Peer 1: 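Dropping the structure in here first, questions after.
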Amino acid sequence: RPSVAFEFDPTQHAILSADLGIRRATFAVTTLAGEVLSQLEEPIDIAAGPGPVLGLVAERLRWLGDVAGMDPIAVGIGLPGSVDRSGLPVAPPNMPGWDGTDVRAVLSEAAGLPAFAANDANVLALGERAAAWPDVDNLMYVHVGTGIGAGIVADGRLLHGAEGAAGDLGHIFAPGARGRACRCGNVGCLDTYASGAGVLETLRLAGSPLTSLDEVLERVAAGDADVAGVLRDAGRVLGDVVASCVALLNPRVVVVGGRLGMAGEALVAGVREAVYARVLPLASRELRVTAARSGSSGGVIGAALLAADAALSGDLLESRLRAA
């Protein structure tokens with residue numbers, strides 16, 4: 001028989017989602033389409049380990065689900081480190097004690113729902129595309145915070161790679177970072193120069209008294225030309241690596257987000273300068289390099305879309321319909 005198309009009513013069920021950073025987390029309940037119904041943020045310490053952090057996540061998501069008064073069908077979470085295709089953190093440098101933790105199983109047991117996990121840059125790419133670039137099928141989201149990662153949407157689908165490591169920009173060798181030791185054990189990684197930690201190290205070497213990203217952002221907002229110059233230089237080093245990615249992947253939009261990516265124009269301007277200087281005309285003629293637009297909701301929107309897509313896949317959907 002001819003096939004029949006069905007469309008789910010996105011308002012009849014909810015998704016619970018979380019976007020974890022190194023020091024801050026965002027929690028939300030959304031519709032199946034990723035529309036945020038309720039959201040909250042609070043400080044966390046990812047180094048406290050999976051037990052305390054995931055316990056807090058489960059508690060906050062249960063509370064949000066109760067407040068929304070809707071029937072949740074899945075949980076989605078973004079994690080600030082390397083995550084394989086099955087959702088397991090794999091030796092994440094910024095997440096001590098998390099290696100091999102079955103985050104999906106822990107959250108699924110706590111919430112009584114199927115749970116899905118991915119790297120934070122991946123969920124941010126999904127969220128940014130949904131919120132700001134819904135008509136763009138080829139997008140690269142570069143997340144610049146304590147570390148650097150990228151989420152890649154190619155032909156409308158998230159690109160994971162063979163093991164889930166696609167987009168790990170922070171540990172690509174960058175000539176501008178030559179000689180700097182990285183916590184991963186290598187030397188010259190992009191993270192050591194263009195991440196938040198890298199910017200602070202550059203400032204320290206220049207004799208600056210600034211010791212935190214909050215102070216850096218305050219100085220940039222106050223118009224400090226020296227700090228803005230350091231950010232722009234970091235953007236150029238980042239842009240050299242992004243230019244190679246543009247040549248390889250040919251995205252229509254490169255979005256720069258994260259705490260440093262949204263700290264005014266300095267970093268993004270440096271990225272833009274390097275990319276347009278190095279990329280050939282065919283790849284750059286329609287290319288946009290821009291700051292993120294989805295704000296604090298981007299990660300939870302993306303995590304919700306990841307979970308909704310997985311929860312409504314054939315096998316899980318069939319089992320849910322049989323149980324109905």
Side-chain angles (χ1 to χ4, degrees), residues 19-23 46-47 78-101 103 117-125 139-154 158-202 204-205 213 230-231 233-249 251 254-261 267 270-271 274-275 278 299:
D19 177 31
L20 303 189
I22 304 299
R23 297 183 180 86
I46 203 74
L79 301 170
S82 303
V83 179
D84 71 13
R85 292 186 69 105
S86 69
L88 290 178
V90 179
N94 296 324
M95 303 172 66
W98 288 74
D99 182 35
T101 299
V103 173
N119 171 264
D120 57 354
N122 283 341
V123 300
L124 283 161
L139 175 147
M140 180 177 176
Y141 186 102
V142 183
H143 183 246
V144 190
T146 304
I148 300 173
I152 302 161
V153 177
L158 190 63
L159 183 65
H160 294 280
E163 304 296 339
D168 192 3
L169 295 193
H171 301 286
I172 291 176
F173 175 76
R178 189 183 303 276
R180 290 198 178 187
C182 183
R183 59 194 149 193
C184 75
N186 284 325
V187 176
C189 292
L190 178 63
D191 256 8
T192 66
Y193 198 92
S195 69
V199 166
L200 287 172
E201 175 65 6
T202 299
R204 185 190 69 80
L205 292 172
L213 283 187
V230 169
L231 282 180
D233 187 50
R236 293 188 188 101
V237 174
L238 173 59
D240 287 342
V241 172
V242 171
S244 298
C245 297
V246 169
L248 185 66
L249 299 168
V254 173
V255 177
V256 183
R259 294 188 70 198
L260 286 186
L267 186 88
V271 174
V275 168
R278 293 184 176 276

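Quick caveat: nothing in here was measured; it's all calculated off a predicted structure.
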Peer 1: Keeping the roles fixed (side chain from Asp120, backbone from Gly78), state whether a donor-acceptor pair exists under 3.5 Å.
Peer 2: no
Peer 1: For the NE2 atom of His143 and the CG atom of Asn119, what is their distance to the nearest 0.5 Å?
Peer 2: 9.0 Å
Peer 1: Taking Arg180 for its side chain and Thr192 for its backbone only, find out whether a donor-acceptor pair lies under 3.5 Å.
Peer 2: yes
Peer 1: Side chains of Leu169 and Met140: does their closest heavy-atom pair fall under 4.5 Å?
Peer 2: yes
Peer 1: Closer than 3.5 angstrom, by distance alone: can the side chain of Asp84 be matched with the main-chain N or O of Leu88 as a donor-acceptor pair?
Peer 2: yes
Peer 1: Using 0.5 Å steps for rounding, measure from the CG atom of Leu139 to the CG atom of Leu249.
Peer 2: 11.0 Å
Peer 1: Enter the distance from His171:NE2 to Leu190:CG here, rounded to the nearest 0.5 Å.
Peer 2: 9.5 Å
Peer 1: Once you round to the nearest 0.5 Å, how far does CZ of Arg278 lie from OG of Ser244?
Peer 2: 7.5 Å
Peer 1: For a quick test of reading the model, state the closest non-hydrogen atom pair linking Ala194 to Ala234 and the distance between them.
Peer 2: CB-O, 3.6 Å
Peer 1: Quick one: are Asn94 and Ile46 in side-chain contact, heavy atoms under 4.5 Å?
Peer 2: no
Peer 1: Grab the two heavy atoms, one from Cys245 and one from Pro251, that are nearest each other, plus how far apart they are.
Peer 2: O-CD, 4.5 Å
Peer 1: Can you give me the closest heavy-atom contact between Leu267 and Leu231, atom names plus distance?
Peer 2: CD1-O, 3.4 Å
Peer 1: With heavy-atom distances below 4.5 Å as the criterion, would you say the side chains of Asn122 and His160 are in contact?
Peer 2: yes
Peer 1: Nearest 0.5 Å, please: how far is OG1 in Thr146 from CZ in Arg23?
Peer 2: 5.0 Å
Peer 1: Strictly distance-based, threshold 3.5 Å: is any side-chain N or O of Trp98 a donor or acceptor partner for the main-chain N or O of Val103?
Peer 2: no
Peer 1: On a heavy-atom basis, which atom in Asp99 and which in Ala91 lie closest, and how many Å separate them?
Peer 2: OD1-N, 2.8 Å
Peer 1: Tell me, do Leu79 and Pro92 make a side-chain contact under 4.5 Å, heavy atoms counted?
Peer 2: no
Peer 1: Taking the side chain as every heavy atom from C-beta outward, state whether Asp233 and Tyr193 have any atom pair closer than 4.5 Å.
Peer 2: yes
Peer 1: Under the side chain to side chain contact (heavy atoms under 4.5 Å, CB included) rule, what do Leu238 and Val142 come out as? Steps first, then yes or no, please.
Peer 2: CA-CA 10 Å; Leu238 173 59; Val142 183; 4.1 Å; yes
Peer 1: To check you understand the geometry: which heavy-atom pair defines the closest contact between Arg85 and Gly161, and what is its length?
Peer 2: NH1-O, 2.7 Å
Peer 1: Between Pro89 and Thr101, what is the shortest heavy-atom contact and its length?
Peer 2: CD-O, 3.0 Å
